[in-house]
Amino acid sequence: MTADAQALNDAFSSDGLRFQTGPGGFVRGVVTTPSCVGEFLLHGGQVTQWRPAGHDEVLWLSPDAVFEPTRPVRGGIPLCFPWFGPHPTRAGAPSHGLARTHEWSVYSVDTSGDAVDVTLEALIEGWACRFTASFGGDLVTTLQVRNRLPEQASFEAAFHSYFAIRDVGAVSIGGLEHAGYIDQTNADAPRPPEGQPVRLAGEADRIYLDRDGGPITIVDASERVIEITGTNARSAIVWNPGNEKAHAMPDLGDGWRQMVCVELGNVRDNRITVQPGQTFSMTSRVGVRGPSASE
Ligand code: TA6
């Protein structure tokens, strides 16, 4: 066991949380409680697994995920911050920002309630960041950032959540029927509201900027429903790479049919500006109802 994992167990472990050394030598926290099982990495501050009692795994983690310090791990909930997608001006800057390859530190652990709340912290380009994952019957993730710069600063952020589904061809996504979107598969063409749940046939890469803020539901072929609700998260992104792009990604491949990304955050025109010394916080709550996927 690496010193980090041992030191973290000395400082924070409890019945519901243990630190271990996982693939790539990454330190991971393993949550085990009556309400759920979960896992997160200090690398990227990334939740990688969450399985509420009575259900199968809700998050999709690529079987071909790469665990290397300079790479994001494919799956779970990568954090996009302080920009989303390619950097608007900095050539060579990593896609989706710096948070998901940053080594986060443990700020606090709270096991006093029904859930295990883990707060990680990082300083990223003048932003003091705290990421809290509350592992319980729901999975609640909160990103709080404080502007430590002497002038106002703006950022984009998103919980780039990968959800496990039985088959992408049989899934429908509700809650976005009345929102137009930017079609990233077609030169950011603006698309009107579809007036019906989203169904995926091939590559889909949609940014919704003016959604009504209500819950988004992913209904699987098994009738399992994953419900995602945001607070202070005005944008939603729906993504599946489709067969061709998936097979061009060494850490994705065949798994594309068993995953869909539904991401809450604040991106593009929804970017957030924070005054010096001020803080912004956004939250995503994920819940599951209906039969587990294996039934
Ligand atoms: O969230 C959708 C998206 O921006 C897609 O355009 C695709 O690039 C995806 O993120 C995955 O990005 P990544 O950098 O993790 O390979």
Side-chain angles (χ1 to χ4, degrees), residues 24 26 41 43-48 59-88 90-102 124 141 143 155-165 168 171 173 176 179 181-191 198 200 202-209 211 216 218 226 228 230 233-271 282 284 286:
F26 287 0
L41 301 174
H43 176 74
Q46 188 165 339
V47 175
T48 47
L59 301 178
W60 181 82
L61 185 66
S62 173
D64 301 315
V66 172
F67 295 84
E68 292 175 6
T70 60
R71 300 277 304 277
V73 173
R74 179 74 62 190
I77 308 178
L79 296 175
C80 302
F81 178 83
W83 62 84
F84 181 84
H87 190 282
R90 283 160 42 183
S95 172
H96 290 326
L98 305 171
R100 63 179 188 165
T101 51
H102 190 90
I124 297 174
T141 52
L143 178 65
F155 69 85
E156 296 173 290
F159 300 112
H160 197 299
S161 305
Y162 288 74
F163 293 102
I165 54 173
V168 71
V171 79
I173 301 168
L176 297 166
Y181 63 92
I182 295 168
D183 183 353
Q184 291 205 108
T185 66
N186 198 328
D188 279 6
R191 302 292 192 204
V198 178
L200 302 172
E203 181 188 4
D205 196 347
R206 304 181 174 195
I207 298 177
Y208 294 83
L209 292 180
R211 69 185 194 94
I216 297 174
I218 304 171
I226 298 171
I228 309 144
R234 294 167 57 201
S235 314
I237 300 102
V238 174
W239 177 61
N240 181 281
N243 183 54
E244 184 178 348
K245 281 204 171 164
H247 285 93
M249 304 164 90
D251 60 352
L252 212 161
D254 289 334
W256 69 277
R257 294 203 68 92
Q258 279 75 48
M259 52 74 60
V260 63
C261 284
V262 177
E263 310 158 34
L264 294 186
N266 294 284
V267 305
R268 301 286 186 95
D269 291 351
N270 293 152
R271 64 187 301 114
M282 67 183 202
S284 166
V286 180

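Computed over heavy atoms, backbone and side chain alike; hydrogens, waters and symmetry mates excluded. Just so you know, ligand 1 is whichever comes first in the structure, and atom 1 is the first atom listed for that ligand. Quantities reported herein were computed from a predicted structural model and do not represent experimental measurements.
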Problem - Heavy-atom closest contact (Leu98 atom, Pro82 atom, distance) - result: N-CD, 3.9 Å
Exercise for the section: Can you see which heavy atom on Ala204 is nearest to which on Leu200, and at what distance? Expected result: CB-CD2, 3.5 Å
Handout entry: All side chain to side chain donor-acceptor pair (under 3.5 Å) counterparts of His43, not counting sequence neighbours
Key = Glu103
Handout entry: Residues Asp205, Lys245: salt bridge by 4.0 Å N-O rule
Key = no
Exercise for the section: Measure the spacing between CD of Glu203 and CD of Gln184 and express it to the nearest 0.5 Å. Expected result: 9.5 Å
Problem - Over 12 non-hydrogen atoms of neighbours within 6.0 angstrom of CG in Asp188 - result: yes
Practice task
With a 4.0 angstrom cut-off on heavy atoms, strictly below it, pick out the residues next to ligand 1 and order them by chain and number.
Solution key: Arg74, Phe84, Ser95, His96, Arg100, His160, Gln184, Asp205, Ile237, Trp239, Met249, Glu263
